[in-house]
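Below is one structure, written out as C-alpha coordinates, with a few remarks after it.
Keep in mind it's a predicted model, so treat the numbers as computed, not measured. Atoms within each ligand, like the ligands themselves, are counted from 1 in listed order.
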Amino acid sequence: MFVGPDEEFIRRYGDRPSPGESVLDGSGRTALPGFVDPHTHLPWAGLRESEFNERLKGRTYAEIAAAGGGIVSTVATTRAASEADLAALVRSRLDRMLLHGTTYCEAKTGYGLDLANETKQLHAVFSGSAGHPVGVVATALPGHEVPPERRGSAALRARYVDECCREILPALAQKGASFVDVFCETGVFDIAESRRMLEAGAGCGLRARVHADELTPLGGANLAAEVGAISADHLLYVRPDGIEAMARAGVVAVLLPGTSAFLRMDRYAPAREMIESGVAVALATDCNPGSSYTESLPAVAFFATLGMGMTVEETLTAMTLNAAASLGVAGERGSLEEGKVGDVVLIDGPSVEHIVYHYGVNVVTDVVVAGTPVVRDGRRVP
Ligand code: NIG
Ligand code: FE
(Lines give C-alpha, C1' and ligand atoms only; values in the text may rest on other atoms or scores of the structure.)
(Ligands and ions follow the chains in the order given, each with its own letter.)
Protein backbone atom coordinates (compact mmCIF):
# COMPACT_ATOMS: atom_id res chain seq x y z
CA MET A 1 0.00 0.00 0.00
CA PHE A 2 1.11 3.59 -0.64
CA VAL A 3 0.52 6.16 2.09
CA GLY A 4 1.44 9.80 1.57
CA PRO A 5 0.67 13.15 -0.06
CA ASP A 6 -1.17 13.46 -3.40
CA GLU A 7 1.87 14.96 -5.18
CA GLU A 8 4.03 11.96 -4.33
CA PHE A 9 1.26 9.56 -5.40
CA ILE A 10 0.87 11.35 -8.74
CA ARG A 11 4.64 11.39 -9.26
CA ARG A 12 4.78 7.62 -8.79
CA TYR A 13 1.52 6.41 -10.29
CA GLY A 14 0.17 9.21 -12.52
CA ASP A 15 -2.86 11.42 -12.02
CA ARG A 16 -5.66 9.13 -13.17
CA PRO A 17 -6.65 5.55 -12.38
CA SER A 18 -5.55 2.74 -14.69
CA PRO A 19 -8.21 0.49 -16.23
CA GLY A 20 -9.76 -1.67 -13.49
CA GLU A 21 -8.82 0.76 -10.73
CA SER A 22 -11.29 3.05 -8.99
CA VAL A 23 -11.16 6.12 -6.76
CA LEU A 24 -12.84 6.05 -3.37
CA ASP A 25 -13.54 9.59 -2.21
CA GLY A 26 -13.15 9.75 1.55
CA SER A 27 -14.17 13.40 1.98
CA GLY A 28 -15.88 13.93 5.33
CA ARG A 29 -14.96 10.43 6.43
CA THR A 30 -12.04 9.02 8.38
CA ALA A 31 -9.74 6.28 7.08
CA LEU A 32 -8.58 3.65 9.56
CA PRO A 33 -6.64 0.39 9.22
CA GLY A 34 -8.84 -2.70 8.75
CA PHE A 35 -9.87 -3.95 12.20
CA VAL A 36 -8.31 -7.15 13.53
CA ASP A 37 -10.34 -9.41 15.85
CA PRO A 38 -7.93 -11.74 17.69
CA HIS A 39 -10.34 -13.79 19.84
CA THR A 40 -13.54 -15.39 18.50
CA HIS A 41 -15.30 -18.73 18.84
CA LEU A 42 -16.88 -18.58 15.35
CA PRO A 43 -17.68 -22.21 14.41
CA TRP A 44 -20.63 -22.94 16.69
CA ALA A 45 -24.31 -23.88 16.23
CA GLY A 46 -27.23 -22.99 18.52
CA LEU A 47 -27.97 -19.81 20.50
CA ARG A 48 -28.44 -19.20 24.25
CA GLU A 49 -30.53 -16.04 24.45
CA SER A 50 -32.53 -17.30 27.46
CA GLU A 51 -29.30 -17.21 29.53
CA PHE A 52 -29.12 -13.46 28.86
CA ASN A 53 -32.53 -12.97 30.47
CA GLU A 54 -31.69 -15.35 33.32
CA ARG A 55 -28.67 -13.20 34.20
CA LEU A 56 -30.95 -10.15 34.27
CA LYS A 57 -33.01 -12.03 36.85
CA GLY A 58 -29.90 -12.48 38.99
CA ARG A 59 -28.37 -15.83 38.04
CA THR A 60 -24.64 -15.83 37.31
CA TYR A 61 -22.75 -17.33 34.36
CA ALA A 62 -21.31 -20.01 36.66
CA GLU A 63 -24.76 -20.93 38.10
CA ILE A 64 -26.25 -21.21 34.62
CA ALA A 65 -23.35 -23.45 33.49
CA ALA A 66 -23.72 -25.66 36.58
CA ALA A 67 -27.43 -26.11 35.74
CA GLY A 68 -26.64 -27.52 32.27
CA GLY A 69 -26.42 -24.29 30.26
CA GLY A 70 -23.12 -22.71 29.36
CA ILE A 71 -20.42 -24.16 27.14
CA VAL A 72 -21.67 -27.78 27.32
CA SER A 73 -25.07 -26.85 25.90
CA THR A 74 -23.31 -25.34 22.86
CA VAL A 75 -21.14 -28.46 22.68
CA ALA A 76 -24.33 -30.53 22.24
CA THR A 77 -25.75 -28.31 19.47
CA THR A 78 -22.37 -28.01 17.71
CA ARG A 79 -21.80 -31.76 17.80
CA ALA A 80 -25.26 -32.22 16.24
CA ALA A 81 -24.47 -29.83 13.37
CA SER A 82 -22.83 -30.91 10.11
CA GLU A 83 -19.60 -29.40 8.85
CA ALA A 84 -21.58 -27.70 6.06
CA ASP A 85 -23.99 -26.16 8.62
CA LEU A 86 -21.07 -24.85 10.65
CA ALA A 87 -19.28 -23.52 7.57
CA ALA A 88 -22.42 -21.57 6.56
CA LEU A 89 -22.64 -20.12 10.08
CA VAL A 90 -18.95 -19.14 10.00
CA ARG A 91 -19.50 -17.43 6.65
CA SER A 92 -22.53 -15.45 7.82
CA ARG A 93 -20.60 -14.30 10.90
CA LEU A 94 -17.64 -13.26 8.72
CA ASP A 95 -20.07 -11.29 6.52
CA ARG A 96 -21.26 -9.32 9.55
CA MET A 97 -17.69 -8.81 10.79
CA LEU A 98 -16.72 -7.35 7.43
CA LEU A 99 -19.65 -4.92 7.40
CA HIS A 100 -18.41 -3.70 10.80
CA GLY A 101 -14.85 -3.18 9.57
CA THR A 102 -13.03 -6.39 10.50
CA THR A 103 -10.64 -7.56 7.79
CA TYR A 104 -8.64 -10.22 9.68
CA CYS A 105 -9.60 -12.45 12.60
CA GLU A 106 -8.86 -15.51 14.70
CA ALA A 107 -11.39 -18.36 15.14
CA LYS A 108 -11.25 -21.08 17.80
CA THR A 109 -12.54 -24.61 17.97
CA GLY A 110 -13.66 -25.65 21.48
CA TYR A 111 -17.29 -26.73 21.17
CA GLY A 112 -16.40 -30.18 19.81
CA LEU A 113 -14.30 -31.55 22.69
CA ASP A 114 -13.47 -34.80 20.92
CA LEU A 115 -11.26 -35.58 17.95
CA ALA A 116 -14.04 -35.87 15.37
CA ASN A 117 -15.95 -32.76 16.42
CA GLU A 118 -12.92 -30.53 17.01
CA THR A 119 -11.71 -31.54 13.54
CA LYS A 120 -15.16 -30.80 12.09
CA GLN A 121 -15.06 -27.32 13.64
CA LEU A 122 -11.58 -26.65 12.26
CA HIS A 123 -12.61 -27.77 8.78
CA ALA A 124 -15.68 -25.52 9.02
CA VAL A 125 -13.44 -22.53 9.80
CA PHE A 126 -11.44 -23.20 6.64
CA SER A 127 -14.31 -24.10 4.31
CA GLY A 128 -16.53 -21.28 5.65
CA SER A 129 -13.79 -18.68 5.15
CA ALA A 130 -12.49 -19.93 1.78
CA GLY A 131 -12.55 -17.05 -0.69
CA HIS A 132 -14.02 -14.66 1.91
CA PRO A 133 -12.48 -11.18 2.11
CA VAL A 134 -11.89 -11.51 5.87
CA GLY A 135 -8.61 -13.36 6.50
CA VAL A 136 -8.93 -16.06 9.16
CA VAL A 137 -6.38 -17.87 11.30
CA ALA A 138 -7.41 -20.85 13.46
CA THR A 139 -6.80 -21.78 17.08
CA ALA A 140 -7.13 -25.30 18.53
CA LEU A 141 -9.11 -25.15 21.80
CA PRO A 142 -10.00 -28.72 22.82
CA GLY A 143 -9.16 -27.46 26.32
CA HIS A 144 -12.26 -25.24 26.46
CA GLU A 145 -14.09 -27.49 28.94
CA VAL A 146 -14.07 -31.04 30.23
CA PRO A 147 -16.48 -32.87 27.92
CA PRO A 148 -19.68 -34.04 29.67
CA GLU A 149 -18.88 -37.74 29.05
CA ARG A 150 -15.51 -37.32 30.86
CA ARG A 151 -16.78 -35.87 34.12
CA GLY A 152 -17.51 -39.08 36.03
CA SER A 153 -14.11 -39.49 37.69
CA ALA A 154 -10.68 -37.93 38.03
CA ALA A 155 -9.26 -40.71 35.85
CA LEU A 156 -11.69 -40.00 33.00
CA ARG A 157 -10.89 -36.32 33.19
CA ALA A 158 -7.13 -36.98 33.21
CA ARG A 159 -7.60 -39.19 30.17
CA TYR A 160 -9.19 -36.28 28.32
CA VAL A 161 -6.18 -34.04 29.03
CA ASP A 162 -3.92 -36.85 27.78
CA GLU A 163 -6.01 -37.24 24.66
CA CYS A 164 -5.83 -33.50 23.96
CA CYS A 165 -2.03 -33.61 24.28
CA ARG A 166 -1.40 -36.83 22.37
CA GLU A 167 -4.13 -36.90 19.72
CA ILE A 168 -6.35 -33.87 19.30
CA LEU A 169 -3.76 -31.06 19.32
CA PRO A 170 -1.35 -32.87 16.96
CA ALA A 171 -4.26 -33.64 14.60
CA LEU A 172 -5.48 -30.02 14.58
CA ALA A 173 -1.92 -28.75 14.07
CA GLN A 174 -1.51 -31.11 11.16
CA LYS A 175 -4.78 -29.87 9.64
CA GLY A 176 -3.75 -26.21 9.69
CA ALA A 177 -4.39 -24.67 13.13
CA SER A 178 -1.85 -21.97 14.03
CA PHE A 179 -2.41 -21.56 17.77
CA VAL A 180 -3.33 -23.56 20.88
CA ASP A 181 -5.54 -22.10 23.62
CA VAL A 182 -6.89 -23.40 26.95
CA PHE A 183 -9.55 -22.18 29.41
CA CYS A 184 -7.26 -21.96 32.44
CA GLU A 185 -9.79 -21.40 35.21
CA THR A 186 -10.84 -22.66 38.64
CA GLY A 187 -13.16 -25.61 38.01
CA VAL A 188 -12.12 -25.97 34.35
CA PHE A 189 -8.42 -26.69 33.64
CA ASP A 190 -5.95 -25.91 36.43
CA ILE A 191 -2.46 -24.49 35.95
CA ALA A 192 -0.75 -27.89 35.62
CA GLU A 193 -3.31 -29.22 33.10
CA SER A 194 -3.22 -25.96 31.15
CA ARG A 195 0.57 -25.99 31.06
CA ARG A 196 0.57 -29.55 29.71
CA MET A 197 -1.82 -28.68 26.90
CA LEU A 198 0.02 -25.49 25.94
CA GLU A 199 3.36 -27.30 25.93
CA ALA A 200 1.92 -30.18 23.91
CA GLY A 201 0.59 -27.64 21.40
CA ALA A 202 3.97 -25.93 21.24
CA GLY A 203 5.54 -29.34 20.60
CA CYS A 204 3.53 -29.56 17.37
CA GLY A 205 4.23 -25.99 16.30
CA LEU A 206 1.20 -24.21 17.79
CA ARG A 207 1.88 -20.86 19.46
CA ALA A 208 0.06 -20.46 22.80
CA ARG A 209 -2.75 -18.07 23.74
CA VAL A 210 -4.57 -18.48 27.06
CA HIS A 211 -8.06 -17.78 28.48
CA ALA A 212 -6.51 -16.43 31.69
CA ASP A 213 -7.74 -15.03 35.01
CA GLU A 214 -11.27 -14.49 33.66
CA LEU A 215 -13.38 -15.49 36.66
CA THR A 216 -10.80 -16.02 39.43
CA PRO A 217 -7.16 -14.96 40.04
CA LEU A 218 -5.70 -18.39 39.29
CA GLY A 219 -2.44 -17.16 37.71
CA GLY A 220 -3.15 -17.81 34.03
CA ALA A 221 -1.29 -14.63 33.07
CA ASN A 222 1.83 -15.89 34.85
CA LEU A 223 1.49 -19.22 33.07
CA ALA A 224 1.16 -17.42 29.72
CA ALA A 225 4.42 -15.59 30.43
CA GLU A 226 6.18 -18.80 31.52
CA VAL A 227 5.28 -20.75 28.41
CA GLY A 228 6.06 -17.84 26.07
CA ALA A 229 2.44 -17.37 24.96
CA ILE A 230 1.77 -14.73 22.34
CA SER A 231 -1.35 -13.56 24.23
CA ALA A 232 -3.24 -13.88 27.50
CA ASP A 233 -6.94 -13.10 27.14
CA HIS A 234 -9.79 -11.83 29.41
CA LEU A 235 -7.64 -10.97 32.52
CA LEU A 236 -10.42 -9.48 34.68
CA TYR A 237 -8.74 -10.94 37.77
CA VAL A 238 -5.09 -10.65 36.66
CA ARG A 239 -2.78 -10.22 39.66
CA PRO A 240 -0.11 -7.48 39.82
CA ASP A 241 2.63 -10.13 39.51
CA GLY A 242 0.81 -11.48 36.43
CA ILE A 243 0.90 -8.03 34.82
CA GLU A 244 4.63 -7.76 35.58
CA ALA A 245 5.30 -11.20 34.16
CA MET A 246 3.39 -10.37 30.96
CA ALA A 247 5.29 -7.10 30.53
CA ARG A 248 8.64 -8.87 30.99
CA ALA A 249 7.78 -11.71 28.60
CA GLY A 250 6.09 -9.49 25.97
CA VAL A 251 2.71 -11.26 26.20
CA VAL A 252 -0.06 -9.20 24.56
CA ALA A 253 -3.18 -8.70 26.73
CA VAL A 254 -6.30 -9.39 24.65
CA LEU A 255 -9.16 -7.72 26.54
CA LEU A 256 -12.84 -8.53 26.00
CA PRO A 257 -14.83 -5.79 27.72
CA GLY A 258 -18.00 -6.72 25.81
CA THR A 259 -17.91 -10.01 27.71
CA SER A 260 -17.66 -8.25 31.09
CA ALA A 261 -20.76 -6.23 30.29
CA PHE A 262 -22.66 -9.12 28.68
CA LEU A 263 -22.07 -11.37 31.73
CA ARG A 264 -22.88 -8.52 34.14
CA MET A 265 -19.52 -8.98 35.83
CA ASP A 266 -18.83 -6.39 38.50
CA ARG A 267 -15.49 -5.53 36.92
CA TYR A 268 -13.46 -5.04 33.75
CA ALA A 269 -9.84 -6.04 33.15
CA PRO A 270 -7.42 -3.40 34.55
CA ALA A 271 -6.49 -1.97 31.15
CA ARG A 272 -4.95 1.21 32.55
CA GLU A 273 -2.60 -0.68 34.91
CA MET A 274 -1.52 -2.95 32.06
CA ILE A 275 -0.85 -0.06 29.66
CA GLU A 276 1.11 1.77 32.36
CA SER A 277 3.16 -1.37 33.05
CA GLY A 278 4.19 -1.60 29.40
CA VAL A 279 1.88 -4.44 28.34
CA ALA A 280 0.50 -4.12 24.79
CA VAL A 281 -3.30 -4.15 25.05
CA ALA A 282 -5.48 -5.53 22.25
CA LEU A 283 -9.28 -5.83 22.03
CA ALA A 284 -11.49 -8.59 20.66
CA THR A 285 -15.18 -9.48 20.41
CA ASP A 286 -14.95 -13.00 21.96
CA CYS A 287 -17.84 -13.65 19.51
CA ASN A 288 -19.67 -16.70 20.98
CA PRO A 289 -23.25 -17.59 21.93
CA GLY A 290 -22.79 -17.54 25.73
CA SER A 291 -20.68 -14.65 26.88
CA SER A 292 -20.54 -12.17 23.98
CA TYR A 293 -22.77 -12.46 20.93
CA THR A 294 -21.45 -9.76 18.62
CA GLU A 295 -19.36 -9.57 15.46
CA SER A 296 -18.73 -5.83 15.92
CA LEU A 297 -15.39 -4.52 17.15
CA PRO A 298 -16.79 -0.95 17.28
CA ALA A 299 -19.36 -2.28 19.80
CA VAL A 300 -16.46 -3.59 21.89
CA ALA A 301 -14.69 -0.23 21.51
CA PHE A 302 -17.67 1.37 23.24
CA PHE A 303 -17.12 -0.80 26.35
CA ALA A 304 -13.32 -0.36 26.16
CA THR A 305 -13.68 3.41 26.42
CA LEU A 306 -16.63 3.77 28.78
CA GLY A 307 -16.02 0.59 30.82
CA MET A 308 -12.23 0.45 31.02
CA GLY A 309 -11.36 4.13 30.52
CA MET A 310 -9.18 3.56 27.47
CA THR A 311 -8.80 6.66 25.28
CA VAL A 312 -10.10 6.56 21.70
CA GLU A 313 -6.50 6.41 20.42
CA GLU A 314 -5.61 3.50 22.75
CA THR A 315 -8.80 1.73 21.72
CA LEU A 316 -8.07 2.07 18.02
CA THR A 317 -4.50 0.85 18.45
CA ALA A 318 -5.87 -2.09 20.45
CA MET A 319 -8.31 -3.15 17.69
CA THR A 320 -5.74 -2.78 14.90
CA LEU A 321 -1.97 -2.86 15.48
CA ASN A 322 -1.89 -4.55 18.90
CA ALA A 323 -4.51 -7.06 17.79
CA ALA A 324 -2.33 -7.87 14.78
CA ALA A 325 0.68 -8.26 17.13
CA SER A 326 -1.29 -10.74 19.23
CA LEU A 327 -1.69 -12.85 16.06
CA GLY A 328 1.94 -12.42 14.98
CA VAL A 329 1.07 -10.34 11.89
CA ALA A 330 1.97 -6.78 12.97
CA GLY A 331 4.60 -6.67 10.23
CA GLU A 332 1.93 -6.95 7.53
CA ARG A 333 -1.30 -5.68 9.08
CA GLY A 334 -2.81 -3.36 11.68
CA SER A 335 -1.68 0.05 10.41
CA LEU A 336 -1.81 2.25 7.32
CA GLU A 337 1.84 2.01 6.35
CA GLU A 338 3.76 1.72 3.15
CA GLY A 339 4.43 -1.92 2.37
CA LYS A 340 1.61 -3.36 4.51
CA VAL A 341 -1.49 -5.13 3.18
CA GLY A 342 -3.99 -2.50 1.88
CA ASP A 343 -6.83 -3.18 4.34
CA VAL A 344 -8.65 0.12 4.93
CA VAL A 345 -11.91 1.09 6.63
CA LEU A 346 -13.78 4.37 6.14
CA ILE A 347 -16.06 5.57 8.91
CA ASP A 348 -18.85 8.09 8.57
CA GLY A 349 -17.44 11.05 10.49
CA PRO A 350 -14.62 13.57 10.23
CA SER A 351 -12.53 12.22 13.14
CA VAL A 352 -11.56 8.98 14.87
CA GLU A 353 -13.83 9.73 17.85
CA HIS A 354 -16.85 8.88 15.70
CA ILE A 355 -16.10 5.18 16.15
CA VAL A 356 -17.44 5.43 19.73
CA TYR A 357 -19.04 8.86 19.85
CA HIS A 358 -21.74 7.90 17.33
CA TYR A 359 -22.75 4.82 19.27
CA GLY A 360 -25.15 1.98 18.67
CA VAL A 361 -25.09 2.34 14.87
CA ASN A 362 -22.69 1.00 12.27
CA VAL A 363 -20.41 3.92 11.31
CA VAL A 364 -18.36 1.77 8.88
CA THR A 365 -19.31 2.82 5.34
CA ASP A 366 -16.54 1.34 3.20
CA VAL A 367 -14.05 -1.52 3.52
CA VAL A 368 -11.09 -2.20 1.25
CA VAL A 369 -9.29 -5.54 1.49
CA ALA A 370 -5.83 -5.85 -0.05
CA GLY A 371 -6.55 -2.86 -2.26
CA THR A 372 -9.97 -4.06 -3.48
CA PRO A 373 -13.21 -2.36 -2.33
CA VAL A 374 -15.44 -5.04 -0.78
CA VAL A 375 -17.97 -2.84 1.07
CA ARG A 376 -19.25 0.44 -0.41
CA ASP A 377 -21.72 2.73 1.34
CA GLY A 378 -22.55 -0.02 3.83
CA ARG A 379 -23.18 -2.76 1.27
CA ARG A 380 -21.12 -5.66 0.00
CA VAL A 381 -19.69 -5.10 -3.45
CA PRO A 382 -21.13 -7.94 -5.54
O1 NIG B 1 -14.32 -16.75 26.14
N2 NIG B 1 -14.41 -18.31 28.86
C3 NIG B 1 -14.63 -19.29 28.18
N4 NIG B 1 -15.16 -19.33 26.97
C5 NIG B 1 -15.97 -18.34 26.37
C6 NIG B 1 -17.41 -18.51 26.71
C7 NIG B 1 -18.00 -19.56 25.90
C8 NIG B 1 -19.45 -19.83 26.16
O9 NIG B 1 -20.05 -19.37 27.16
O10 NIG B 1 -19.98 -20.54 25.30
C11 NIG B 1 -15.41 -16.98 26.62
O12 NIG B 1 -16.03 -16.12 27.26
FE1 FE C 1 -13.23 -16.76 24.62
Side-chain angles (χ1 to χ4, degrees), residues 37-52 54-55 59-79 81 86 89 93 105-113 117-118 121 125 138-148 179-190 194 197 208-216 218 220-221 224 229 231-238 252-265 267-269 282-295 297 300 303 323 326-327:
D37 190 345
H39 181 140
T40 83
H41 297 258
L42 285 194
W44 87 82
L47 296 173
R48 296 179 4 223
E49 64 273 33
S50 61
E51 293 181 9
F52 191 94
E54 282 179 54
R55 282 192 295 277
R59 289 179 88 195
T60 66
Y61 181 69
E63 285 163 0
I64 293 167
I71 293 173
V72 294
S73 75
T74 302
V75 170
T77 44
T78 301
R79 285 178 174 178
L86 289 178
L89 288 163
R93 289 169 191 145
C105 76
E106 180 261 21
K108 303 175 196 294
T109 68
Y111 292 115
L113 308 187
N117 285 295
E118 288 285 306
Q121 278 195 286
V125 168
T139 295
L141 179 58
H144 197 195
E145 245 308 354
V146 181
F179 299 98
V180 54
D181 191 353
V182 63
F183 190 10
C184 178
E185 186 55 67
T186 307
V188 191
F189 294 105
D190 65 20
S194 300
M197 287 194 259
R209 21 196 353 104
V210 189
H211 278 71
D213 301 321
E214 178 182 0
L215 307 171
T216 57
L218 189 62
S231 78
D233 304 34
H234 285 288
L235 300 168
L236 275 68
Y237 286 86
V238 66
V252 180
V254 175
L255 306 186
L256 310 153
T259 307
S260 291
F262 202 87
L263 294 184
R264 305 190 74 203
M265 307 282 282
R267 63 166 74 202
Y268 287 90
L283 289 165
T285 60
D286 199 14
C287 185
N288 77 76
S291 69
S292 181
Y293 186 32
T294 185
E295 291 89 349
L297 272 170
V300 171
F303 294 110
S326 84
L327 295 174

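The single protein non-hydrogen atom nearest to atom 4 (N) of ligand 1 is His144 NE2, 2.8 Å, given as residue, atom name and distance. Among all non-hydrogen protein atoms, the one lying nearest atom 6 (C) of ligand 1 is Tyr61 OH, 3.2 Å.
Atoms of ligand 1 lying under 4.0 Å from at least one heavy atom of Asp286, given by number and element, are 1 (O), 11 (C), 12 (O). Which parts of ligand 1 touch Glu214 is read off a 4.0 Å heavy-atom cut-off, strictly below it: atoms 2 (N), 3 (C), 12 (O). Distances below 4.0 Å separate heavy atoms of Tyr111 from the following atoms of ligand 1: 7 (C), 8 (C), 10 (O). In the vicinity of Ser291, heavy-atom distances shorter than 4.0 Å reach the ligand 1 atoms 5 (C), 6 (C), 9 (O), 11 (C), 12 (O). Here is the list of ligand 1 atoms found below 4.0 Å of a heavy atom in His39: 1 (O).
Under 4.0 angstrom from ligand 1, there are no non-hydrogen atoms of Glu185. By the criterion of a heavy-atom distance under 4.0 Å, neither the backbone nor the side chain of Trp44 is placed next to ligand 1.
Judged by distance alone, the side chain of Thr285 and the main-chain N or O of Leu297 form no donor-acceptor pair under 3.5 Å. Of the possible donor and acceptor atoms, one in the side chain of Arg264 sits under 3.5 Å from a partner among the backbone N and O of Arg55. Within the 3.5 Å criterion, the main-chain N or O of Gly220 finds a donor-acceptor partner in the side chain of Asp213. Looking at Glu106, its side chain never comes within 3.5 Å of a backbone N or O of Thr139 through a donor-acceptor pair. Formation of a donor-acceptor pair under 3.5 Å by the His144 side chain with backbone atoms of Gly110 is found in this model. Between the side chain of Glu295 and the main chain of Arg93, no donor-acceptor pair closer than 3.5 Å is present.
With respect to the Fe ion (ligand 2), Asp286 has OD1 as its nearest N, O or S atom.
Residue side and main chain included, His234 places no N/O/S atom under 2.8 Å of the Fe ion (ligand 2).
Of the candidates Thr294, Thr259, Thr40, Asp286 forms a side-chain hydrogen bond (donor to acceptor under 3.5 Å, both in side chains) with just one, namely Thr259.
Residues Gly290 and Phe262 come closest through the heavy atom pair O-CE2, 3.6 Å.
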